[in-house]
Amino acid sequence: QLQLVESGGGLVQPGGSLRLSCAASGFTLSYAPIGWFRQTPGKKREGVSCISSSGGSQRYADSVKGRFTISRDNAKNTVYLQMNSLKPEDTALYSCAKSTYYTCSLNDAVYNNWGQGTQVTVSS
């Protein structure tokens with residue numbers, strides 16, 4: 001079945017870095033845009049970043065622009081989210097998902113095949 005699996009989360013200090021991975025099985029990742037989202041208890045899920053099927057187009061939430069970088073390695077069927085200069089406000093469960101459209105969007109309503117998520121905690 002179609003499945004996305006996230007990894008790479010953990011506990012880091014403010015200013016630190018993490019690289020999250022979103023690995024696909026059951027489909028070819030290059031066929032669709034992929035988005036990264038995050039959610040904390042009591043807050044609505046936020047679109048963090050998305051990347052087109054080719055990797056040529058990217059979008060970022062204003063809150064992470066300049067600090068996070070999304071990329072994909074279609075040969076490895078994996079999308080990455082490099083997170084630098086992490087802040088406590090970045091603490092969340094990070095999930096990836098596949099877009100139902102051919103262009104990437106930060107609107108979670110157009111995504112499916114959600115992964116289980118990987119926890120990122122930024123704290124001293």
Side-chain angles (χ1 to χ4, degrees):
Q1 296 195 149
L2 306 181
Q3 186 176 4
L4 297 174
V5 178
E6 303 91 340
S7 63
L11 174 64
V12 297
Q13 296 187 164
S17 298
L18 286 173
R19 188 177 76 157
L20 307 184
S21 297
C22 174
S25 63
F27 70 99
T28 301
L29 195 63
S30 62
Y31 287 173
I34 298 294
W36 280 101
F37 300 82
R38 65 187 183 186
Q39 189 168 28
T40 56
K43 290 189 175 181
K44 188 178 185 296
R45 184 161 54 196
E46 175 189 16
V48 176
S49 184
C50 62
I51 188 167
S52 64
S53 59
S54 69
S57 297
Q58 305 168 25
R59 294 181 183 270
Y60 298 93
D62 289 341
S63 59
V64 307
K65 195 172 298 181
R67 299 187 297 119
F68 291 10
T69 303
I70 192 169
S71 62
R72 67 192 305 159
D73 186 341
N74 287 337
K76 296 181 178 179
N77 227 22
T78 301
V79 168
Y80 303 98
L81 185 67
Q82 179 67 47
M83 307 186 297
N84 298 325
S85 302
L86 284 163
K87 305 175 180 179
E89 309 94 271
D90 296 319
T91 296
L93 181 70
Y94 284 73
S95 301
C96 62
K98 182 175 71 69
S99 178
T100 61
Y101 296 149
Y102 292 103
T103 57
C104 73
S105 170
L106 298 182
N107 179 9
D108 61 0
V110 303
Y111 286 80
N112 60 16
N113 296 111
W114 293 89
Q116 197 65 214
T118 185
Q119 179 67 37
V120 172
T121 302
V122 185
S123 176
S124 299

Checklist entry - Out of curiosity, does F27 fall in the hydrophobic cluster containing W36 (side-chain heavy atoms, cut-off under 4.5 Å, transitive links)? => result yes
Next on the checklist: Enumerate the disulfide bond (SG atoms under 2.5 Å apart) contacts for residues 12-51, please, sequence neighbours excluded, ordered by first and then second residue.
Outcome noted: C22-C96
Checklist entry - Who pairs with V120 by side chain to side chain contact (heavy atoms under 4.5 Å, CB included), at least two apart in sequence or on another chain? => result L18, L20, M83, Y94, V122
Item to check | salt bridge (charged side-chain N to carboxylate O under 4.0 Å, His left out) contacts in which one or both residues fall within residues 7-17, not counting sequence neighbours | outcome: none
Item to check | Nearest atoms (heavy-atom pairs only) where G117 meets S95 | outcome: CA-OG, 3.6 Å
Checklist entry - Who are the disulfide bond (SG atoms under 2.5 Å apart) partners of C104, not counting sequence neighbours? => result none
Checklist entry - Excluding sequence neighbours, so at least two apart, what forms side chain to side chain contact (heavy atoms under 4.5 Å, CB included) with S105? => result N107, V110
Checklist entry - To the nearest 0.5 Å, how far apart are OG1 in T91 and CD in Q119? => result 7.5 Å
Checklist entry - Got a sec, which pairs hit ring pair (Phe, Tyr, Trp, His ring centres under 6.0 Å) with one end in residues 61-88, sequence neighbours left out? => result none
Item to check | Heavy-atom pair of closest approach, residues G8 and T118 | outcome: N-OG1, 4.0 Å
Checklist outcome for this item: Residue pairs meeting disulfide bond (SG atoms under 2.5 Å apart), one or both in residues 51-81, sequence neighbours left out, come to none
Checklist outcome for this item: Here the salt bridge (charged side-chain N to carboxylate O under 4.0 Å, His left out) pairs for residues 110-124, sequence neighbours left out, are none
Checklist entry - Are Y31 and I70 co-members of a hydrophobic cluster defined by side-chain heavy atoms under 4.5 Å apart? => result no
Item to check | Counterpart residues, ring pair (Phe, Tyr, Trp, His ring centres under 6.0 Å), relative to Y111 (two or more places apart) | outcome: F37
Item to check | Pairwise side-chain hydrogen bond (donor to acceptor under 3.5 Å, both in side chains) hits with a residue in residues 4-25, at least two apart | outcome: S17-N84
Checklist entry - Is Q116 atom CD crowded by more than 12 heavy atoms from other residues, nucleotides or ligands, each under 6.0 Å away? => result no
Checklist entry - Does any pair with a residue in residues 77-89 pass salt bridge (charged side-chain N to carboxylate O under 4.0 Å, His left out), and if so which ones, sequence neighbours excluded? => result none
Item to check | From CG (N112) to CG (L2), nearest 0.5 Å | outcome: 8.0 Å
Checklist entry - Is it true that a side-chain atom of N77 and a backbone atom of A24 form a donor plus acceptor pair closer than 3.5 Å? => result yes
Item to check | Shortest non-hydrogen contact between D108 and R45, atoms and distance | outcome: OD2-NE, 3.0 Å
Item to check | Residue pairs, two or more places apart or on separate chains, that pass side-chain hydrogen bond (donor to acceptor under 3.5 Å, both in side chains) and touch residues 55-72 | outcome: R38-S63, E46-S63, Q58-Y60, D62-K65, R67-D90, R72-N74
Checklist entry - L81, V5: one ILVMFWY side-chain cluster at the under-4.5 Å cut-off? => result no
